[in-house]
Amino acid sequence: GAGVSQSPSNKVTEKGKDVELRCDPISGHTALYWYRQSLGQGLEFLIYFQGNSAPDKSGLPSDRFSAERTGGSVSTLTIQRTQQEDSAVYLCASSLELVLAGGHHEQFFGPGTRLTVL
Amino acid sequence: GNSVTQMEGPVTLSEEAFLTINCTYTATGYPSLFWYVQYPGEGLQLLLKATKADDKGSNKGFEATYRKETTSFHLEKGSVQVSDSAVYFCALTSTPSLTFGTGTRLTIIP
């Protein structure tokens, strides 16, 4: 069964290194979302995919962040030249269709990847 | 833009106490409203939702009513248990994503 899975669960890296975070959404879910949860703060929306397309990348914190989704399934979030302020829990979620106001579609969240940049 | 303001925590209660966690929102249009819960070491789970004004969402003894006139969606439970200890997030639809509050950490003491 299959819920949303993410890997790795924990990642410790040195400042300046690149990291790649992976998300496997629930099978059949067309929409996929990335959020960032920093210590003591709420969830910050980063980017969404409808199928393989990411129509709006303006939520990504800087041009060091990029994301892709292939085959309408797995997504990777890549952070280049990591900085200490990138340390956070990165959460992935998926939903059957895009979440719309007044709609019923629920976002299902993965367990997250805890990224620590030393 | 849309925003969610949640009661700041942490909140500590004794078992069987009455719980209220306040949530108010600012939004254009008519968003759907949600409460998500994050148990220790786990991911976020949907607790309950309401999609239009005056709807009441309920689950596991928790309730919240979508109040358009006060732009609120307060979470309540009549008698909390130790197993309810978690972080609770209020959220609303901000198509295409959700906008979350900062979360309220709840600890229930036996």
Side-chain angles (χ1 to χ4, degrees), chain A residues 2-7 9-10 23-26 29-51 53-60 67 89-114, chain B residues 1-10 21 23-55 57 59 66 68 71 73 86-105:
Chain A
V4 178
S5 60
Q6 292 185 245
S7 60
S9 55
N10 276 284
C23 172
D24 280 272
I26 293 172
H29 280 195
T30 63
L32 184 148
Y33 314 79
W34 284 98
Y35 293 86
R36 179 168 70 174
Q37 185 177 21
S38 301
L39 189 63
Q41 300 190 21
L43 278 74
E44 174 190 6
F45 170 68
L46 300 180
I47 192 170
Y48 81 97
F49 289 87
Q50 176 65 14
S53 172
D56 181 3
K57 300 180 181 179
S58 62
L60 294 174
V89 177
Y90 289 83
L91 294 170
C92 175
S94 70
S95 61
L96 194 60
E97 300 283 348
L98 269 183
V99 171
L100 298 174
H104 295 262
H105 294 302
E106 173 186 350
Q107 286 191 9
F108 293 83
F109 282 81
T113 294
R114 181 176 298 278
Chain B
N2 293 351
S3 67
V4 176
T5 302
Q6 247 183 273
M7 174 178 177
E8 293 207 10
I21 301 178
C23 171
T24 57
Y25 68 90
T26 302
T28 54
Y30 303 95
S32 297
L33 303 175
F34 306 84
W35 277 100
Y36 277 82
V37 58
Q38 188 173 32
Y39 296 105
E42 299 184 16
L44 272 76
Q45 303 173 25
L46 179 66
L47 180 60
L48 54 84
K49 66 182 179 185
T51 58
K52 61 183 187 297
D54 300 325
D55 266 3
N59 187 25
Y66 188 163
K68 188 169 180 297
T71 62
F73 193 55
V87 181
Y88 292 81
F89 292 90
C90 185
L92 59 80
T93 46
S94 296
T95 303
S97 68
L98 298 178
T99 296
F100 286 84
T102 53
T104 302
R105 181 175 298 279

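If you're wondering where the values come from, they're calculated on a predicted model, not measured in any experiment. Naming convention: chains lettered A, B, ... in sequence-line order (proteins, then strands); numbering from 1 in each chain.
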If I measure from the heavy atoms of chain B, does A/Q37 come under 4.5 Å with its side chain, its backbone, both, or neither? side chain
Neighbour count >12 (heavy atoms, 6.0 Å) for atom CD, B/E42: yes
Under 4.5 Å, heavy atom to heavy atom: which of residues 107-114 of chain A reach chain B? Give them by number, or say none. A/Q107, A/F109, A/G110, A/P111
For A/L43 against B/F100, the heavy-atom pair lying closest together: CB-CD1, 3.8 Å
Ranked by heavy-atom pairs below 4.5 Å to chain A, first place among B/S97, B/G101, B/G43 goes to B/S97
Using non-hydrogen atoms only, which part of B/Q38 is less than 4.5 Å away from chain A: side chain, backbone, both, or neither? side chain
If one checks every heavy atom of B/L92 against chain A at 4.5 Å, the contacting part turns out to be neither
